[in-house]
Each structure stands twice: as structure tokens, then as C-alpha cells.
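Written out below as C-alpha cells is the structure these notes cover.
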There are 2 protein chains.
Amino acid sequence: MTKEDVISKKLENNNYKLTQQRATVLDVMYENKGKHLSAEDVLLKSKQKMPNIGIATVYRTLERLASLEVVYKTMFDEGKYRYELCEDENHQHHHIICMDCGNISEVEEDLLNNLESHLEKKGYKIVDHDLKFYGYCPDCNK
Amino acid sequence: MTKEDVISKKLENNNYKLTQQRATVLDVMYENKGKHLSAEDVLLKSKQKMPNIGIATVYRTLERLASLEVVYKTMFDEGKYRYELCEDENHQHHHIICMDCGNISEVEEDLLNNLESHLEKKGYKIVDHDLKFYGYCPDCNK
DNA sequence: CTCGGTGCAAACCCTTTGCAGTAAA
DNA sequence: TTTACTGCAAAGGGTTTGCACCGAG
């Protein structure tokens, strides 16, 4: 089953049509695995494949993909949302943001289970977490 | 040295005047220690003390206080900034956000040193971090 | 054929900025 | 008196929405 099959199944199951525009946005997201694209980034990359696509369609598509858990939608301190393809189930939203070049990369470890269980003992129910480090990436840290 | 003394020293050192408006915003922030207020929250609470204060002044004041490290300015996923009085130096920005009532509280632990030193070994320079848990607070988790 | 999807432009929300008048120091 | 600060309203940036047309199923 190809990536498109997986997605179109998900769309189908929710009465959504797989239009050219949605396929285009999906292609862009797949071609940028691991990157955190803003809506405008997605628009510009989509326009290279389909010049007439509009920003509203991009937003609406990304919104739907986020609700189907095909992409993650995260607000960073810069004040706009960024969208990232969901790689697999155990993605943990650990970002490291370079304060110089602005690059956002992922931290793969999961050292937070202790902290989560500590909070659950206090009566919280933890559903998700989002950890961001701010600093300088190896290239800029010179 | 009272709280106002500390602040007015900081303002003085930066050629800033301690106006009625700034004093009002500071009072509001002190009266809401530990809370994460939006600019509009601050405006409404300030208007109770000084009805003519404007939103632009609130934003400008909070911006100055943030640059003086008197308050923290953080963007949450709802898409707007929230401001919080800096309590002390070892504040770690560990937030827990209730997905039901929307309350934001603080997590005091610091279990992230391992993770930070791991990243520094990889060549990163870590300056700060921001950890958010999403879930349900003890009250709503029933 | 039907109904959801699209592009455009206008509306929206939050935040910032320009300007003429105001008030700290 | 001097210079920074204020309130207002307008502008800005990102996101959402209304509407008439379009196209996937």
C-alpha cells in the first residue's frame, strides 16, 4: 500500500475527496519529511506543481490533514503555525530551534516518562507534550 | 527594597520612565503571580484601575518588561502571547495546559538536564527550553 | 447529477506602528 | 523644558470565512 493509498483511505473514511489540490499538498509534505513548513512555505512549493492553488485551500487542506493526524500543527514563538508530516506513532514533538539560523530539528529521545508519571500521580491526565529547546545548532555554534 | 523599587531601578537603568500606566500594568502582573495572562486579560484588569489605559500601551509595556526580564512572554498553541511575572531565576517554563478548562499551571521539576547535556555533546548550545504538557487537570479529570 | 471543494476577496484576530498631544524627570 | 510616553486609529501579518463556480465520485 503506497503512501497515497493510506491517505486516500483516511480521506475516504471521512467522506473527503482526494482532489488534485489535496494530492499536491500531500506531495509537498512528503517531499519535506522532517521539516516544519509554514502555510506560506506549503503554498509556494505547491504553486510550483499547481500554479493556481490558493492559500485558503492550503490552510483548509492542512487543517483536515491535522485532524486526520496526517500532519502535526504546532505554534512556535514566531507567531505562526508550522506543519510537519507525522512520521510514525511514537513521535514526541521534541524540537530544537536554532536562535541564529532559525532551523528547527527534532530530538529523538524520550526522557520524559518519569515526569509524566509524576504528574499522573498528582491527578493529572497527560495526553501529549511538546518540548522545545532554544539554542544554537552545531553549525551556528562556532 | 520593595518590588516597585526593584522595577524602577531596572527602568531607570534603561532610561525608561515609571509612568502611571506602567505602574498599573506592573500591579496587575504582581496581583496575578503564577498566572499566564493574555494582553487582553492585562488590559481589562488594568482598566479597572485606570479606565483610559489603551491596548497599545499594554503591549508596549509588556514588551519592555519582557526585554528587562520582568515578565516572560510565551506563545501558546491557541495563537496568542501570554505574559507571566518572572518569579525567580530558576524558572523553567514547564507548563501543563488543561485541554478542558484551559488552565495553565507550572511544573516545578527539572528532569531535563540529562537531555540538555546530551544535546550539548552533539554540538548544540542550549540557551533555554520550554516544555508543555497537554492533558486534564485534577479537577477536570473526573 | 450532487455535494463537497476551490479561488478570490473580504473579514478576522492579535499585534504593531504613526501621529499629535501629554506628562515624567 | 525636554524627551519619552500615551491614546487613538490605522496598518500589518497570519488565518478564516462567504460566496459563486467547479469538479470528483
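Because only heavy atoms are used, hydrogens play no part in the values below, and waters and symmetry mates are left out as well, while side chains stay in. Chain naming here is simple, since letters A, B, ... match the order of the sequence lines and numbering starts at 1 in each.
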Test applied, side-chain contact (heavy atoms from CB on, under 4.5 Å); reference residue, B/Arg82; option that passes from B/Leu37, B/Ile104, B/Thr74, B/Val42
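Considering B/Leu37, B/Ile104, B/Thr74, B/Val42, a side-chain contact (heavy atoms from CB on, under 4.5 Å) with B/Arg82 is found only for B/Ile104.
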For the side-chain contact (heavy atoms from CB on, under 4.5 Å) test, which of B/Val25, B/Asn32, B/Leu26 pairs with B/Val28?
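Running side-chain contact (heavy atoms from CB on, under 4.5 Å) over B/Val25, B/Asn32, B/Leu26 with B/Val28 returns exactly one hit, B/Asn32.
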For B/Gly79 and B/Gln21, find the nucleotide of DNA chain C closest to each by heavy atoms; which residue's nucleotide sits nearer the 5' end?
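First, find each residue's nearest nucleotide; the 5'-ward one identifies B/Gly79.
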Of all nucleotides in DNA chain C that come within under 4.0 Å of a heavy atom of chain A, which is furthest toward the 5' end and which toward the 3' end?
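So the contact region on DNA chain C extends C/dC3 to C/dC8.
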Looking at residues at least two apart in the chain, or sitting in another chain, which of them share a side-chain hydrogen bond (donor to acceptor under 3.5 Å, both in side chains) with [X]?
X        : value
B/Lys47  : none
B/Glu63  : B/Lys73
B/Gln20  : none
A/Tyr124 : B/Ser105

Who passes ring-ring contact (aromatic ring centres under 6.0 Å, His included) against [X], sequence neighbours left out?
X        : result
A/Tyr16  : none
A/Phe133 : B/His129
B/Tyr81  : none

Tell me every residue that passes salt bridge (Lys or Arg N to Asp or Glu O under 4.0 Å) with A/Lys49, counting only those two or more places apart in sequence or in another chain.
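Counting only residues at least two positions away or on another chain, A/Lys49 forms a salt bridge (Lys or Arg N to Asp or Glu O under 4.0 Å) with A/Glu31.
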Salt bridge (Lys or Arg N to Asp or Glu O under 4.0 Å) partners for A/Asp77, two or more places apart
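Salt bridge (Lys or Arg N to Asp or Glu O under 4.0 Å) check on A/Asp77 returns nothing, list empty.
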Under 4.0 Å from any heavy atom of chain B: name the first and the last nucleotide of DNA chain D that qualifies, 5' to 3'.
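On DNA chain D, the outermost contacted nucleotides are D/dT3 to D/dC8.
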Regarding [X], tell me which of base, sugar-phosphate or nothing describes its non-hydrogen contacts under 4.0 Å with the strands shown.
X       : result
B/Lys80 : sugar-phosphate
B/Arg60 : base
B/Gln20 : sugar-phosphate
B/Arg64 : sugar-phosphate

Of all of residues 46-59 of chain B, which get a heavy atom below 4.0 angstrom from DNA chain C, listed by number?
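Per residue number, the list reads B/Ala56, B/Tyr59.
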